[in-house]
Amino acid sequence: MDERPSGTPFPAGFGWGTSTASYQIEGAVDVDGRGPSIWDTFSHTPGRIKDGTTGDRACDHYHRWEEDVALMAELGAPYYRFSLAWPRLQPGAAGGLNDKGVDFYKRLVDAMRDKGVTPWVTAYHWDLPQELEDAGGWPERDTAYRFADYAELAYGALGDHIDIWTTLNEPLCAAHLGYADGEHAPGRQEPANAIRAAHHLNLGHGLALQRWQDSRREGHRFGVTLNVVPAVAATDSPADVDAARRVDAVTNRIFLDPMLTGSYPADLIEDLAPLMDFSHVIDGDLEIIHQPLDDLGINYYQQGIITGPGPDAPDRFRAGVMAVGAGDTGRSDQGLPVTDRGWEIDPDGMVALLHRITDDYDAPPLWITENGSSWFEEPGEDGVVHDDRRIAYLDQHVRAVKRALDEGIDLRGYFVWSLMDNFEWAYGESSRFGLIHVDYDTQVRTPKDSFHWFKDVIARAGLAS
Ligand code: PNW
């Protein structure tokens, strides 16, 4: 029986969920045979993480998964999206799988399924085995083949336990932040190699999909998650419009076009000509990358308001991305309220983005696989985190999701980043995105007010007014 009150706004079966990633929550980095990843190396390099923390323990989810599954069940979201740690499943990125790693994920997903939570798994959320980085990392073509081998093994071992499989999370960050900007592991600042990394991530995605399709179990769904950062020209001046086009090519279309249309944008190749040629793309690669997708996950945090060169191009944000062929561009803002990371709160941008993908591509069903906000908040005297700002943020974005549905977008779900506070990459423990507060000293988990708010939204499949 449909227990939703009449007139509630969301379709029955709408896919509410939360997301996490292996390195950000698991800890236990040297337990049960896990090998080192680029994030272990990077976080242990002085100066790389703003507060000097590492993911050595993070949320200790590797040991506390039962408690975390109980919290998922209490929340009542039908989906939980998480990633597999490549160095836990295939330490050193060679040979067969580590049984203890496989057993961990089996325990986790079986417990989730027992509680009615559907696992949505990502094969790669940035924790590249260090050994592969030592051999050159994603700028090397071989890394794509190694990823495909790992993805195939993971599907073989866990395919009977998990129905929804994603190849990559945000290849944009893996390529540009890792290899051009240097803010993420492995911390290299080599613009041309970031473009090669992007291609090999694309290639690894296509190869992995081919392997999965070859042994697809009935009812399984395969996809990818991209963070598409809308590149909006700050004004209609030709300089700003052209800058926005260049940034869009190098951040968004460099992934969307090969995956969804089987080609790289001609303007991207032309823009990059002064930096590099495209001889790393060889015949047949684009056919491999252009595989059918059952779902396209979109991570949305904010738009990029792009300005052309000039003295008022403020905040030369993401210098690496800008350095990569986007030329001398800047990033402005719209004067909207921001989170504690300085990210503008712009739910309309999410709706516009969903329209753009729908209009420009023959896209599969869309899912918001991440959306959320960072505010550093500790429990008050009553032991509770009253995170009204996060509730307001989520409320605005859930309403935007509803608008998108009303406007005809084939949007199947909305996942909050994140289930719990976790190791926020270069920001370490200083940036908190969770619906659940984590005390990193005691590992005590405390649902925030936003957890209860989201639980209520899910239960009623809508908003109060
Ligand atoms: C995503 N940016 O990363 C990731 O998928 C998560 O692992 C991460 O915790 C979450 O968003 C919050 O940061 C991003 O600089 C990292 O614009 C950086 C940016 C965007 C997304």
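Just follow the structure's listing: the first ligand is 1, and inside any ligand the first atom is 1. One-based numbering along the sequence shown.
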Asks: Taking 4.0 angstrom as the limit and counting only heavy atoms of Glu170, give me the atoms of ligand 1 inside it, by number and element.
Replies: 1 (C), 3 (O), 4 (C), 5 (O), 14 (C), 21 (C)
Asks: What atoms in ligand 1 come closer than 4.0 Å to a heavy atom of Trp126?
Replies: 3 (O), 4 (C)
Asks: Compute the shortest N/O to N/O distance between Trp417 and ligand 1 and return yes if it is under 3.5 Å, no if not.
Replies: yes
Asks: Would you mind checking if Arg34 and Asp40 are paired as a salt bridge, meaning a charged N to carboxylate O distance below 4.0 Å?
Replies: yes
Asks: According to side chain to side chain donor-acceptor pair (under 3.5 Å), who are the partners of His184, at least two apart in sequence or on a separate chain?
Replies: none
Asks: Which ligand 1 atoms, with their elements, are less than 4.0 angstrom from a heavy-atom of Trp425?
Replies: 6 (C), 7 (O), 8 (C), 9 (O)
Asks: Who are the salt bridge (Lys or Arg N to Asp or Glu O under 4.0 Å) partners of Glu424, not counting sequence neighbours?
Replies: Arg341
Asks: Just jot down the ligand 1 atoms closer than 4.0 angstrom to any heavy atom of Glu424, in number order.
Replies: 8 (C), 9 (O), 12 (C), 13 (O)
Asks: I'd like to check which ligand 1 atoms, numbered from 1 as shown, lie under 4.0 Å from a non-hydrogen atom of Asn169.
Replies: 5 (O)
Asks: For ligand 1, which is the ligand I care about here, please tell me if Glu370 has any N or O atom under 3.5 Å from one of the ligand's N or O atoms.
Replies: yes
Asks: Any salt bridge between Asp294 and Arg412, counting N to O under 4.0 Å?
Replies: no
Asks: Any side-chain heavy atom of Pro365 sitting closer than 4.5 Å to one from Asp295?
Replies: yes
Asks: Can you find an N/O atom of Gln24 closer than 3.5 Å to an N/O atom of ligand 1?
Replies: yes
Asks: Aromatic rings Trp86 and Tyr150: how do their planes relate, parallel, tilted or perpendicular, breaks at 30° and 60°?
Replies: parallel
Asks: Provide the number and element of each atom of ligand 1 under 4.0 Å from a heavy atom of His125.
Replies: 4 (C), 5 (O), 6 (C), 7 (O)
Asks: Any donor-acceptor pair under 3.5 Å linking the side-chain atoms of Thr225 with those of Asn169?
Replies: no
Asks: Taking both backbone and side-chain atoms of Asn422, is any N or O found less than 3.5 Å from an N or O belonging to ligand 1?
Replies: no
